[in-house]
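Each chain gets a letter, A, B and so on, in the order its sequence line appears, and its residues count up from 1.
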Amino acid sequence: MRPDLIQNRIDKAERLREMGVNPYPYRFERTHQVSEVLANFDEEEAKEDSSSVAVAGRIVSLRLMGKAAFAHVQDASGKIQLYIKRDDVGTESYKAFKLLDLGDLLGVRGTRIRTRTGEASIAVTELEVLSKAIRPLPVVKEKEGEVFDAWKDTGARYRRRYLDLILNPDSREAFRKRSAVVRALRDYLDERDFVEVETPVLQAIYGGAMARPFETYHNALDMPFFMRIALELPLKRLLVGGFDRVYELGRVFRNEGVDRSHNPEFTMLEFYWAYADYHDAMDLVEDLCRTVVKTVTGGMTVEWDGKTIDFEPAFPRVRMVDLIAEKTGLDVLKDPEEKLRSKLGEAPDFATRGHLIEELFDQYVQGDLVQPTFVMDHPLAISPLAKVNRHEPELLVERFEIFIGGIEFGNAFSELNDPVDQRRRFEEQAAQRERGNDEAQVLDEDYLEAMEYGMPPAAGVGLGVDRLAMLVAGTHALRDVLLFPHMRPEEGRGAEDEVADTDTDTGH
RNA sequence: GCCCCGUUAGCUCAACUGGCAGAGCAACUGACUCUUAAUCAGUAGGUUCGGGGUUCGAUUCCCUGACGGGGCACCA
């Protein structure tokens, strides 16, 4: 950044102070949001007693013409044009106004008028500087909805999200939709008597999903801790404790790659529903998806990655093995494992038939599941927390994942509540770990003990909240619905890293 | 972690086969009391992402590093 551009503005702030104007005052009494001024504009303008309005916002356009000026200010609700005339605001105020720049925060009082060209505006009678920006905003021009020189520096938009939010209406809209999604999810579960809880992020033993964890250290206890990779196990302890409808909406952490649909920390919704099975859960998830889409978008379809996704028709419920058979001709439950292996490029040594089935699904089926689809009855080997399938108890479990647009949005089971079987499953996971599967689950003795006291039959569901937000916001990049997606530090801004290093060194 | 592409003024972008680094907007000075990508006149602004190499000469070619984007792998 050129220092003179900043110094100019610091000098202007100083000149304001010399005029007796505080460039950083304490408060401003607003009477309206911009959108409220624009609503029923003509009726309000026509009223004899139409009192003045007071709005505040950021100056996003500025046209100075000697003794009068036009500007647009933008607040959270929208933007509106101001007409500022020296004879209306007074010579002193007008002088102060001329020291303002694009990006400064301004409060005004005035009355509604339509300008000669018909734009709903405020004729300003009083103005108040609310904050002098000393760093220039990227300059974006706009005419009749068409944007010129749009600020689209990828990366900078994520690093300086506040600029993205100021400059790109689409971005503001995406985060509003995300907020609406979260609210809709809470409302839906609250209405059905689910109790929201909060469980620890730092855990001595991580579990509930297949993933690599972040590891950290507790100095006082002198022991390692893991950031949770799922919400599952604490919530199921609550089933034991008698919360028979319970949910948590919270952040989980997985030490894996970053791409369009993955971020190392993300938001999950998990809920557990005693005395229900995974068929009940499918009914509920289907209804939940429709409700969220309808609430947030007003319709039942979403345009996503060039495809129209329709939530109206019943979501197909198909067995994973049948989908694979359809695409590959393999009978994955009966064909020899060698035949399954040969259909895959390569598979790890520890892979059992169950892992091969999962891999075949990933390679041949998943990407084509564009419309909302429940994929049911996963292999037992990759589902250590799910009940065995009542029809195929040797190889499959009662589990489903919901796919939309070719990516997974949720995962659910008829929850395993037989403590003896659960112990066996954990032992099988430990054996897999021995054979090199470093995502196999870790035996959680404390969880087993809870289950031994009796856990009700239950359905459990996990949903990727960020992905839902992404879907209804119509973007196919997760970082468009993450306010501050993870990125490498910019060059020359890594000083904090060294401090962090010395801190953690004390523990190890 | 691997492969491909990108990085030039505050912003958006140019610059041919390697030959003085440019424009618009923003900034600065001045004019302008209904403009809206405001207009008009003038002024200033560059570590061409960092480091190294080839060359008389590098924004341009080569090597290397940083960051970003896309793809692959891993995963949800």
- Query: Counting just side-chain N and O atoms, does K141(A) come under 4.0 Å of either OP1 or OP2 of A37(B)?
  - Reply: no
- Can a side chain N or O of R254(A) be found less than 4.0 Å away from OP1 or OP2 on C74(B)? no
- Item | CD-CZ distance between Q429(A) and R425(A), expressed to the nearest 0.5 angstrom | 9.0 Å
- Task: Answer yes or no: does a side-chain N or O of K67(A) lie under 4.0 Å from OP1 or OP2 of U33(B)?
- Result: yes
- Message: Check this for me: does the side-chain of E119(A) come within 3.5 Å of the base of U35(B) through a donor and an acceptor?
- Response: no
- Query: Do F400(A) and F315(A) have ring centres separated by under 6.0 Å?
  - Reply: no
- Message: Would you say R488(A) places a side-chain N or O within less than 4.0 Å of OP1 or OP2 belonging to C67(B)?
- Response: yes
- If each of P264(A) and M487(A) is mapped to the nucleotide of RNA chain B with the nearest heavy atom, which maps nearer the 5' terminus, i.e. the 5' end? M487(A)
- Item | Stacked pair F266(A)-A76(B), distance under 5.5 Å, angle under 30° | yes
- Query: Looking at U35(B), U33(B), A27(B), which one has an atom nearest to any side-chain atom of R86(A)?
  - Reply: U33(B)
- Task: Measure from the side chain of M65(A), starting at C-beta and using heavy atoms only, and say which of A37(B), C32(B), G70(B) lies closest.
- Result: C32(B)
- Side-chain contact check for N8(A): nearest option of C28(B), C34(B), C74(B) is C28(B)
